[in-house]
Structures are given as structure tokens and as C-alpha cells.
2 protein chains.
Amino acid sequence: MGQTKFWYLSTNRLFHDLPEKDKMEIMPMLKETRIGKKEFVFSAGDKAETIYILKEGRIKISRFSEEGRELTIDMLDPGDFFGELVLAGEEERETCAEALEDSYICAISRKNFEDFVSKRPALSFKITKWIGGRLKRIENRFESMIFQDVHSRVMATLQDLGMKYGVPVQDGILITVKLSHQEIANLIGAARETVTLELNSLKDSGEILMEGRKFILPSKRTL
Amino acid sequence: MGQTKFWYLSTNRLFHDLPEKDKMEIMPMLKETRIGKKEFVFSAGDKAETIYILKEGRIKISRFSEEGRELTIDMLDPGDFFGELVLAGEEERETCAEALEDSYICAISRKNFEDFVSKRPALSFKITKWIGGRLKRIENRFESMIFQDVHSRVMATLQDLGMKYGVPVQDGILITVKLSHQEIANLIGAARETVTLELNSLKDSGEILMEGRKFILPSKRTL
DNA sequence: CAATTTTTGTAATCTCCATTACATATTTAT
DNA sequence: ATAAATATGTAATGGAGATTACAAAAATTG
């Protein structure tokens, strides 16, 4: 299990190129926990004092309106870290983190993490890049929310997923994760029914293909 | 003028508590430029290699759609820095930076800035906080865009402005900057006409008061 | 493999807000 | 001061997409 954790540090986006010595130093500060599917790592309003690394599984970061509508901020994969906004001075969580499947996470206290990082400028840079990357992505989605209609937003989302989870197949790029219509709706700020309609019209027009319940982005060809 | 720059470093949010010695070191790397009202510091697509600090004036960060619609990302005041996303790996600007009035900015190359910061962990932390703060604000606006109608978004915007630029007066909080209806519209992703209508209905209902062309957020009292 | 729960399909209705189209007021430039 | 440019006011029309309300299909679970 210590071994596993060590291995894990090697795949993590932030830590993989740390010197062995540093890995040994941070390891004992990481506490591994199992989070069952549909359980929450934290919820809006919780006191924020921990940074997490997703080791195995999938985690969804989202916000809820008073009426219970959901906006998905991000979907995380193994190696991603989350709860990072405590580093930016967050005191109460503004988001919720929910496991989409049984997951394993490593937790480290803000204090320990900051001490560790403050001695390693290169790591600090990576964190800036990480958070900056999230900022850029959110800005892009914000823009697309304002300038584009549901049709374009659904397509943009599938394209993003294609970049991240796509594998080339016969007729195009297969998106290897399955997302319910509701989940797509939560990503683009639309009603589930509207997404269903849009998706079906995309199928009809050939803009997307299906392989079972998964989507394929067809490689462009002159029809 | 060197003196001015030195003074400036003392008011800047990132640098003000740097040791004198460090201020002396970074000073020669800062190049001061004047930007006339309505001029652009940079535009989307420009090569990104510089970080700026706003010394005097006001700068607006925005994005444009193909059809020329505008989304305002941020409004900056003296002491703020911008173009920071080069630190997060941005290679081409995704936003535009336009002077809302005659302004003075200090520019520093990415290389110089990174070298300087990498030797100063405390500064590095501040940058993380800065960018994280922007991330939080954008996420909040994104959420409000999705969950709330124009009425609430206008009110939320005025409330934000009140926090930032408000001074207490007789009947409430006076917002000391003037924003055109169009500018508010660009902040909340609405049509200018809709904002005009909404603003007038807010006046009628007493939810806001006017002092000339400026807004007052009335201190709550039981009507 | 039933039985439940979750997801998807479809259609009618309704609503908020964009669009269009000007009129008028206010500010800025000459 | 006068002209030109910007900002604001108002109203009619239209449309994208939310809401509501079910039915049917899939996927989970006991």
C-alpha cells in the first residue's frame, strides 16, 4: 500500500518528475481514502482545508442552485488533483465533489502541502499552470455559454470529450466514456429534454454516430 | 520616473511587501508604457509573452464572438496585473485588453518574471492566489449565468460593483464608477435593451436609486 | 429474472429575452 | 456653440429553449 502510493506519485501530473527523495518526503503526508460511488468528498459550505489527488476512479466537481439544478464544473480522472482552491484562500467549499464510481483519493492538509511546495519553486509553477489551465477552460465555456446556442454547445462538449477520451476507430473518434443526457445538460446549462432532442438531430444529420451508447465523432469526409 | 516606478511597486498587490532589495532587482525589468483610451494592449490571437501591471487608469479584459458581440471578463484597477495567463502556458492571447481611459502600464517579459518568481516562493504563492481568485470569480459568474435570470444578474453585478467601488452615502452605497448599460450587458451576457428595461424597473421598484448617472444600492429598510 | 430505478423519447405550451426599429437625450469633439 | 457620436428609452415581434407531462426503453439490484 505504501508501495502503491509511491507508484501513484509517479503518475500524478504534479509529482511525477519529483526527485525520489521528495517523493519519499511527501508520501507519509498523504492519507488514502476510499470513496464509494455517489458519495461526496466534500460539499458546498464545508470547511476547506485539504487538497486531494484522485488516484483511481472518477470525480465530478459541481455546483448546485437553490432549486437543486446542477452545473458541472469539471470531471476528474486519475492523476488530477482537486480542492486546490484552498491554495487560493478558499475557506468554505463553493463546490461539491462527488464520486462517479468507486474511487480512491489521497488527501493532504493545506499546511503540509504549502510547506512542501514553498521549498520547491518548480512545483509551485506547476500549480500555477494547473489552476491557470482551469481558468482558461472555464472562461472558454463561459464564452460559449454566452455566444453559442445549444447545438454548438453540445458539439463543443463532444469535441472536448473527444480530445480527452477519444480513440480512433473505423469511422472517426470514439468517445470512451459514457455520459447521460443529463450530464451533458449539466455541462452546458441546458434542459435534459433539449439535449436529448439535439443529440437525436445530430444523429439524423450524421454529425455524430453511435456505437451502442457511446458517441463517435465522424472523421470529416465530403458527403 | 524611476522613482515613480519604485513607488508603484509599493502599491501593487503582488509586490508591495517585497524587500527593498528585491524591488530594486525587478525595477529595471519593468518597461512603462502609456496606453491611450480605447487603445488595446493586446488582442486575441497576439503572441503572449508579456505580463503587465496596471499602474494608472482602467483596463478591460474581454472576449469577442465572430459576430462582434463582447463578453467582459474583468475590469482592472491600478495595482492589478494582467496577461498573467502566459504563466499558465498561454501562447496566444485568448482575450483582449483595452484601456477604458488613458492608462500607464508596466510590462515584464515572461522569462524575466518567471526567473524572478522562481527564487521567491512567497511571491509564487501570491500568484497562485491571484489566479485562483480569478477562477473563483469566473466560476461564480458562470453559475449565476446558468441559474439566474437577467434581473438577478443585474442586481448581482451591481452588488459586486458596490463591494469594489462603493462608498457609503446618506441612502446607501454609492457606486463610484459609471458603467453604460452596454457594459453591464457585456458583463452578464444580455442585450443592452434588456438591461435598460431592467434597470428602469429596478429604479421604479426602489431596488436601486440614482445619483446623477451613478447607482446607489439603498441600505435595506422595511418599506 | 422480476422488480425498481434510471435513462431516454416526444409533444404541447409558455416565457423570457433577443431582435428590430426608431426616437430622444447626453456627451464629446470641433 | 454646434455638430457628430454615444448612450438611453420604448414598443412590437419572434424564437430558442424551459417547463410540463407522460410513455417507453435500459440498466441495476435484490
Side-chain angles (χ1 to χ4, degrees), chain A residues 36-39 60 65-72 98-102 144-158 175 177-205 208 210-215, chain B residues 36-39 60 65-72 98-102 144-158 175 177-205 208 210-215:
Chain A
K37 183 172 175 172
K38 291 187 188 174
E39 281 174 28
K60 175 175 68 174
S65 73
E66 277 108 51
E67 309 88 60
R69 290 177 59 202
E70 180 176 354
L71 166 64
T72 302
E98 180 189 358
L100 296 175
E101 44 192 76
D102 292 353
S144 126
M145 188 65 217
I146 303 246
F147 295 147
Q148 298 185 299
D149 61 11
V150 167
H151 172 95
S152 308
R153 269 142 60 206
V154 169
M155 275 312 285
T157 302
L158 293 179
I175 296 170
V177 289
K178 54 179 159 30
L179 283 181
S180 70
H181 298 182
Q182 185 64 63
E183 280 169 310
I184 295 175
N186 294 344
L187 280 167
I188 65 172
R192 196 275 309 167
E193 294 81 348
T194 308
V195 171
T196 298
L197 249 35
E198 188 55 47
L199 245 17
N200 288 331
S201 110
L202 286 172
K203 282 178 214 166
D204 292 348
S205 70
I208 59 176
M210 299 301 291
E211 168 128 345
R213 319 235 92 211
K214 294 186 180 146
F215 303 102
Chain B
K37 183 172 174 171
K38 291 189 188 173
E39 282 175 28
K60 175 176 69 175
S65 73
E66 277 108 50
E67 310 87 60
R69 289 176 60 202
E70 181 176 352
L71 166 65
T72 301
E98 181 189 357
L100 295 174
E101 45 190 75
D102 293 352
S144 126
M145 186 66 217
I146 303 246
F147 294 146
Q148 297 183 300
D149 61 10
V150 168
H151 174 95
S152 309
R153 268 142 61 204
V154 169
M155 275 313 284
T157 302
L158 294 180
I175 295 171
V177 289
K178 54 177 161 29
L179 282 182
S180 70
H181 298 182
Q182 184 64 63
E183 281 170 308
I184 296 175
N186 293 343
L187 280 167
I188 65 171
R192 194 275 308 165
E193 294 82 347
T194 308
V195 171
T196 298
L197 248 38
E198 188 55 48
L199 245 15
N200 288 331
S201 108
L202 288 171
K203 282 178 215 168
D204 293 348
S205 70
I208 58 176
M210 300 301 292
E211 165 128 344
R213 319 236 89 212
K214 294 188 179 144
F215 303 103

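Each chain gets a letter, A, B and so on, in the order its sequence line appears, and its residues count up from 1.
The interatomic distance linking Lys214(A) (NZ) with dT8(C) (P) rounds to 14 Å, in whole Å. The interatomic distance linking His181(A) (NE2) with dA24(D) (C1') rounds to 14 Å, in whole Å. Rounded to an integer number of Å, the gap from CE of Met145(B) to P of dA18(D) is 12 Å. Note: CD1 (Ile146(B)) to C1' (dA18(D)) measures 13 Å, nearest angstrom. Summarising the geometry, the separation between CD on Gln182(B) and P on dG9(D) is reported as 13 Å, rounded to the nearest angstrom. Taking atom CD1 of Ile184(A) as the reference point, atom C1' of dG17(D) lies 17 Å away to the nearest angstrom. The CD-C1' distance, from Glu70(A) to dT6(C), rounds to 15 Å in whole Å. The nearest whole Å value for the distance from the CG atom in Leu100(A) to the P atom in dT6(C) is 15 Å.
Axis orientation changes by 60° from one end of the helix from dC1(C)-dG30(D) to dT30(C)-dA1(D) to the other, with each end axis drawn from 5 pairs and the value rounded to 10°.
Of the options Thr72(B), Leu179(B), Leu71(B), Val195(B), a side-chain contact (heavy atoms from CB on, under 4.5 Å) to Asn186(B) is made by Thr72(B) and by none of the others. Shown are Glu198(A), Glu193(A), Arg192(A); of these, the side-chain hydrogen bond (donor to acceptor under 3.5 Å, both in side chains) with Thr196(A) is made only by Arg192(A). A side-chain contact (heavy atoms from CB on, under 4.5 Å) with Val154(B) is found for exactly one of Leu187(B), Leu202(B), Thr194(B), Asp149(B), namely Leu202(B).
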### Task
Can you check each nucleotide of nucleotides 12-30 of chain C against protein heavy atoms at under 4.0 Å and return B for base, S for sugar-phosphate only, - for none, in 5' to 3' order?
-----SSBBB-----S---

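In this structure, CG on Leu197(B) lies 10.5 Å from NE2 on His181(B), to the nearest 0.5 angstrom. For the atom pair NZ of Lys178(B) and CZ of Arg213(B), the computed distance is 10.0 Å after rounding to the nearest 0.5 Å. Atom CE in Met145(A) sits 7.5 Å away from atom CD1 in Ile188(A) (nearest 0.5 Å).
The shortest heavy-atom contact between Glu70(B) and Phe147(A) is C-CZ, 3.9 Å.
Candidate nucleotides dG9(D), dT8(C), dT6(D) were compared by shortest atom distance to the side chain of Lys203(B), and dG9(D) ranks first.
Taking the salt bridge (Lys or Arg N to Asp or Glu O under 4.0 Å) definition, one finds that Glu98(A) meets it with Lys60(A), sequence neighbours left out.
A residue-by-residue look at Leu197(B) and Lys38(B) shows that Lys38(B) has its nearest nucleotide of DNA chain D further toward the 5' end.
Between the side chains of Arg153(A) and Thr157(A), no donor-acceptor pair is found at a separation under 3.5 Å.
When the side-chain nitrogen and oxygen atoms of Asn200(B) are compared with OP1 and OP2 of dT8(D), none of them lie within a distance under 4.0 Å.
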